[in-house]
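Computation of the quantities below employed the complete heavy-atom set of this structure, encompassing side-chain atoms and omitting hydrogens, waters and symmetry-equivalent molecules.
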Amino acid sequence: MKEYKTEEEFLKDYDSSMYEKLSMTTDIAIISVSNEDTNNYRKNDKKMMSVLLVKRKDYPYKDKWCLPGGFLNPKDETLEECARRVLKRETNLSNIYLEQLYTFDRIDRDPRLRVVSTSFVALIDKEKLEEKVEHASWFNIISIKEEKNVVTLTLSNNEEIIDFSIKKELRERTTDRYQFVTKENKYLAFDHDLVILSAIERIKNKANYTDIVFNMMPEYFTLGELQQVYEVILNKKLLDPAFRRIIANKVEKTNKMKTGEGHRPSYLFKYKKNN
């Protein structure tokens with residue numbers, strides 16, 4: 001083997017063709033919380049967690065739904081820059097909460113070639129979203145049910161229903177870490193069912209000890225609206241004392257009121273950024 005005196009000398013002779021090529025993508029679970037009209041003026045609109053999906057126009061997986069994503073430009077783009085480019089393309093928004101989720105590298109996840117995807121979760125207030133790209137639709141997460149370590153999710157955009165099941169397999173007992181394996185998925189492309197559940201689990205886990213929820217809230221909100229959002233994310237009803245503990249020191253009361261919805265006016269609160 002030839003010995004080199006400098007790194008420059010080594011790189012001059014280096015042959016990159018010795019290694020197999022692969023492509024990298026970013027896939028983004030864009031999550032928001034929206035209202036479902038209850039048609040009852042005495043009640044607040046029911047809150048629903050939503051994920052933005054795009055219908056594929058081309059093969060592979062033509063006419064199936066998928067998360068927004070794109071191939072990484074290896075010459076001049078980092079993974080986060082790629083994700084933010086995709087976000088700008090899909091939402092026309094730049095200042096969005098974005099967090100890296102997991103890397104999905106199953107060998108057969110893309111039938112075209114070996115593709116490794118680094119997934120991200122983005123949280124937005126849908127009220128800031130002026131328009132979606134063509135073929136995109138918000139799907140409300142209607143239900144999340146878990147039985148015997150199998151999680152079944154049902155999504156709907158009021159025209160189509162998507163459901164899929166994922167098995168949670170214990171990966172490491174000492175840290176209680178699980179890996180997700182698709183059990184049934186007929187409607188989503190690639191392994192995006194796993195990305196969606198991973199994003200929901202991440203948000204749920206962080207809701208109790210971070211301020212992540214406020215990235216999906218408008219500037220002003222009632223405590224009742226905020227509690228509903230927490231309940232949607234945690235997938236359980238919260239008693240008032242438990243909710244108050246979660247938001248302690250996170251919000252501040254304003255002199256603004258919410259009126260005109262058939263019930264008593266409510267004070268509006270806002271996120272206390274310097275808590």
Step-by-step side-chain contact (heavy atoms from CB on, under 4.5 Å) determination, Val115 to Arg109: CA-CA 7 Å; Val115 177; Arg109 64 179 304 276; 3.7 Å; yes
Reference residue Ile162; test side-chain contact (heavy atoms from CB on, under 4.5 Å); the match among Asp193, Ile196, Leu188, Thr154: Leu188
side-chain contact (heavy atoms from CB on, under 4.5 Å) against Asn73, all qualifying residues, sequence neighbours excluded: Lys75, Asp76, Glu77
Check: Ser156/Asn140 side-chain N/O donor and acceptor closer than 3.5 Å: no
Backbone N/O of Trp138 and side chain of Lys126: donor-acceptor pair under 3.5 Å: no
Euclidean distance, Ile161 CD1 relative to Ile142 CD1, rounded to 0.5 Å: 8.0 Å
Non-hydrogen atoms of Thr222 and Ser266 that approach each other most closely: CG2-CB, 3.9 Å
Could you tabulate the donor-acceptor pairs under 3.5 Å formed by side-chain atoms of residues 62-70, not counting sequence neighbours?
unit_1 : atom_1 : unit_2 : atom_2 : d
Lys64  : NZ     : Lys186 : O      : 3.2
Trp65  : NE1    : Glu160 : OE1    : 3.1

Any side-chain donor near an acceptor of the partner, Asn255 and Tyr267, under 3.5 Å: no
Enclosure of Lys21 NZ (heavy-atom neighbours >12, cutoff 6.0 Å): yes
Ring centres under 6.0 angstrom apart (Phe269, Tyr220): no
Closest approach of Lys47 to Val232 (non-hydrogen atoms, all atoms of both residues): O-CG2, 3.2 Å
Under the side-chain contact (heavy atoms from CB on, under 4.5 Å) test, residues paired with Glu3 that sit two or more places apart: none
Parallel, tilted or perpendicular: rings of Tyr102 and Phe104 (30°, 60°): perpendicular
Sequence neighbours excluded, every pair satisfying salt bridge (charged side-chain N to carboxylate O under 4.0 Å, His left out) that has a member inside residues 144-157: Glu146-Lys168
Arg85/Glu81 salt bridge by N-O under 4.0 Å criterion: no
Worked verdict on Val229 versus Phe221 for side-chain contact (heavy atoms from CB on, under 4.5 Å): CA-CA 11 Å; Val229 171; Phe221 47 82; over 6 Å; no
Donor-acceptor side-chain pairing of Thr118 and Thr26 below 3.5 angstrom: no
Ser137-Asn157 side chain donor-acceptor pair, cut-off 3.5 Å: yes
Residue pair Tyr61, Phe190: steps toward the ring-ring contact (aromatic ring centres under 6.0 Å, His included) verdict: CA-CA 8 Å; Tyr61 300 109; Phe190 308 107; 4.9 Å; yes
Inter-residue atom distance Ile141.CD1 - Met49.CE, 0.5 Å rounding: 5.0 Å
Criterion side chain to side chain donor-acceptor pair (under 3.5 Å) on Tyr187 and Asp163, from CA distance to verdict: CA-CA 7 Å; Tyr187 305 101; Asp163 51 26; 4.5 Å; no
Closest heavy-atom pair and its distance - Ile233, Met216: CD1-CE, 3.3 Å
Carboxylate-amine/guanidinium contact Glu252 Lys272, below 4.0 Å: no
Residue Tyr14 excluded, over 12 heavy atoms near OH under 6.0 Å: yes
Least distance between heavy atoms, Asn235 atom then Ile144 atom: ND2-O, 3.3 Å
Stepwise side-chain contact (heavy atoms from CB on, under 4.5 Å) test for Ile30 and Leu87: CA-CA 8 Å; Ile30 304 175; Leu87 271 174; 3.6 Å; yes
Side-chain donor-acceptor pair present, Ser117, Asp27, cut-off under 3.5 Å: yes
Residues that Pro74 engages under side-chain contact (heavy atoms from CB on, under 4.5 Å), provided they are two or more places apart: none
Within one Ile-Leu-Val-Met-Phe-Trp-Tyr cluster: Leu268 and Tyr271, side-chain cutoff 4.5 Å: no
Intermediate values then yes/no, side-chain contact (heavy atoms from CB on, under 4.5 Å), Glu9 and Lys2: CA-CA 11 Å; Glu9 186 180 347; Lys2 182 178 178 180; 4.1 Å; yes
Side chains of Tyr230 and Ile247 in contact at under 4.5 Å (non-hydrogen atoms): yes
Neighbour count >12 (heavy atoms, 6.0 Å) for atom NZ, Lys88: yes
Arg106 and Asp108 ion-paired at < 4.0 Å: yes
Listing, residues 197-207 side-chain donor-acceptor contacts under 3.5 Å, not counting sequence neighbours, or none:
unit_1 : atom_1 : unit_2 : atom_2 : d
Ser198 : OG     : Leu194 : O      : 2.7
Arg202 : NH1    : Glu99  : OE2    : 2.5
Arg202 : NH1    : Gln100 : O      : 3.1
Arg202 : NH2    : Leu101 : O      : 3.2
Asn205 : ND2    : Glu201 : O      : 3.2
Lys206 : NZ     : Glu99  : OE1    : 3.1
Lys206 : NZ     : Glu99  : OE2    : 3.4

Ile107 vs Arg114 side-chain heavy atoms within contact, under 4.5 Å: yes
Donor-acceptor under 3.5 Å (Ser32 side chain, Ile124 main chain): yes
